[in-house]
Amino acid sequence: MMNQDILDLEYKTLHVVMKMELDGVKIDVKKCKETLKQLKKFNEKLIRQIQAFTEDEINLESPPQLNKLLFETLQLQPEIDKVGKNGCYSTDKSHLKKLIDKHEIVPLLLDYRKTISLINFCKQLQNVNPITKRLHGQFNQSGTATGRFSCSKPNLQNIPNVKLNDGEINELIILESRFREMFIPKKGCQFICADYSQIEIRVVTDMSQDEYLLKAYTTKDTNGKNLDVHRLTASEVFNIKYSEVTDEQRSIAKSINFGLIYGKTAFGLSATLTEITGKHHSKEQAEVIMSKYFQRFSGVKTCLDSLIDFADTNGYSETIYGRRRPIPQLSSSKLSERNAGKRLAMNSPIQGTAADIIKMAMVACDEQIKTKNLKSKLVLQVHDELLFEVPDDEMEVMETLVKNTMENVVRLSIPLEVGLDKGHNWAMAH
DNA sequence: CTTCTCACG
DNA sequence: ACGTACGTGAGAAGG
């Protein structure tokens, strides 16, 4: 039986979600069509270039046919890779990237894949409702294992999110960066986009009461700004001064911090290290870093262990607010299944608590908007982010309302921080 | 119906 | 010895 608090939360959320679906979101269909045209042109060119390497036409969507082309006709070496269930070498992005210098067809294939994916996004975004002229995705409130939403028809939670660097010249990346620009507020309105900063790591901090994580979120640096968790992690793990952490070290620390949320192993970390640094890292090297991490962040270690213990004795995991997820894998006779169960036992309370918090925030924002008689509307939720369509004359009130409501909807032992952005499209570029 | 690939958090 | 990072949805191919 579900915890009554969570049940109440779901009932309140239901109402908010219903309005969000009915209101929908406005799409710049013109921009979408123009982008589609350019993508199709780009795609046709790529097909011509790729087919130049093949005798007879092959279907690029077919992994077996692509395998034949790459590893038989063109004689590429599939690098130490294992075969999948169909006896194929994987040709996904990460594997193709390793072959990028081996043959000129590889970058073409990568671009081809991207254009196909972007073309499909274009097609989906044009399906606006003929009456409302807006796009009404379905935010599925029940069904996920952790308490998150999912979204379908179309899925509005996986729209490409690419920020352009200055001087970017890659045409595909530029096209990709347009997708969030296609989401626009109705006339007389702007968007406010509010996202929780590192909410999952903050949840871990609260659950673990880890000394160093608490320090990261409660002390300020010399400029009066909050410490950067990843930088602090790097300085602890690599035994260096906070101010002397390099970008690469910070990046490694970041992948440790996110990895721990998923129950990453030394094997997985070694692969990440190899990718980040471009130099091979063994499992043993990764183990040294991991043990150093858990030695310093011993509160995190204790916390993760007790999450596993809890799920082991109860058969389910639980968020701070009492949302449960059954984890039958923990009693499996197969070790690999039990290990998978342990990862779920660590991850689910963390991801689930974050999901609980943003649901509470959605309800609280909705109540505030109602009592203040505002016309602002919630139009999208993307796990740790809320997008509001706000009339110009409500901008000022809404900015403080949204930020304060989200940051104070629950009281953890460290502050929750919300980043706020506003603009005339979802990309907030200008 | 399953597998692969790719987009998001 | 075992397999190796969690949670989603969409589209295409192949059995």
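Within every chain, numbering begins at 1; the chains are lettered A, B, ... in the order of the sequence lines, protein sequences first and strands thereafter.
Minimum atom distance to the side chain of A:Ser62 is reached by C:dG14, of the listed C:dG14, C:dA10, C:dC2. Proximity note for A:Gln124 (side chain, C-beta onward) versus C:dG11, C:dA5, C:dC2: the nearest is C:dG11. The listed nucleotides are C:dC2, C:dT8, C:dC6; the one nearest the side chain of A:Ser150 is C:dT8.
Regarding A:Met346, its CE atom lies at a distance of 9 Å from the C1' atom of C:dA5, rounded to whole Å. Going from atom NZ of A:Lys283 over to atom P of C:dG3 covers 13 Å, rounded to whole Å. Distance A:Arg338 CZ to C:dA1 P: 16 Å, rounded to the nearest Å. Note: NZ (A:Lys342) to P (C:dA5) measures 15 Å, nearest angstrom. Rounding to whole angstrom units, CD1 of residue A:Ile350 and P of C:dG7 are separated by 12 Å. When rounded to the nearest whole Å, the span between CG of A:Leu273 and C1' of C:dT4 equals 15 Å. With rounding to whole Å, A:Phe267 atom CZ is found 8 Å from C:dT4 atom P.
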Per-nucleotide protein contact string for nucleotides 2-9 of chain B (B base, S sugar-phosphate only, - none; heavy atom under 4.0 Å): -SSSSBSB

Let me see the working for A:Glu10 and A:Arg323 under salt bridge (charged side-chain N to carboxylate O under 4.0 Å, His left out), right down to the final yes or no. CA-CA 11 Å; A:Glu10 294 298 347; A:Arg323 183 188 301 276; 2.7 Å; yes

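Taking the nucleotide of DNA chain C with the nearest heavy atom to each of A:Ser348 and A:Ala266, the more 5' of the two is matched to A:Ala266.
Separating the P atom of C:dC2 from that of B:dT5 is a span of 25 Å, rounded to the nearest Å. The P atoms of C:dA1 and B:dC6 are separated by 34 Å, rounded to the nearest whole Å. Taking atom P in both B:dC4 and C:dG3, the straight-line distance is 16 Å, to the nearest Å.
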Output the pairing pattern of DNA chain C as a dot-bracket string, 5' first, Watson-Crick or G-U wobble with both distances under 3.5 Å, | for cross-strand pairs, [ ] for crossing pairs. .....|||||||||.

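Test A:Val162, A:Leu39, A:Leu36 against A:Leu175 for side-chain contact (heavy atoms from CB on, under 4.5 Å) and you get one pass: A:Leu39. Of the options A:Leu110, A:Leu109, A:Asp111, a side-chain contact (heavy atoms from CB on, under 4.5 Å) to A:Leu46 is made by A:Asp111 and by none of the others.
A:Asn59 comes within 4.0 angstrom of the backbone, heavy atoms only, and of no base. Nucleic acid contact for A:Leu344: sugar-phosphate only, since backbone atoms but no base atoms lie under 4.0 Å from a heavy atom of the residue.
Using a distance-only test at 3.5 Å, with no hydrogens or angles considered, no donor-acceptor pair links the side chain of A:Glu337 to the main chain of A:Gln329. Between the side chain of A:Arg180 and the backbone N or O of A:Ile159 there is at least one donor-acceptor pair closer than 3.5 Å. A donor-acceptor contact shorter than 3.5 Å links the side chain of A:Thr313 to the backbone of A:Phe310.
The aromatic rings of A:Phe183 and A:Trp426 sit perpendicular to each other, their planes meeting at more than 60°, with 30° as the lower class boundary. A perpendicular orientation is assigned to the rings of A:Tyr89 and A:Phe71, their planes being inclined by more than 60° (bins at 30° and 60°).
Not one side-chain nitrogen or oxygen of A:Thr265 sits closer than 4.0 Å to the OP1 or OP2 atom of C:dG3.
With A:Phe149 as the aromatic partner, A:Lys359 meets the cation-pi criteria of under 6.0 angstrom to the ring centre and within 45 degrees of the ring axis.
For A:Lys186, the NZ atom sits in a loose shell: 12 or fewer heavy atoms of surrounding residues, nucleotides or ligands are nearer than 6.0 Å. Counting non-hydrogen atoms of neighbouring residues, nucleotides and ligands closer than 6.0 angstrom, the CD atom of A:Glu55 reaches no more than 12 such neighbours.
A heavy atom lying under 4.0 Å from DNA chain B marks none of the residues of residues 290-317 of chain A.
Under 4.0 Å is where a charged nitrogen must lie from a carboxylate oxygen, and between A:Asp305 and A:Lys301 at least one such pair does.
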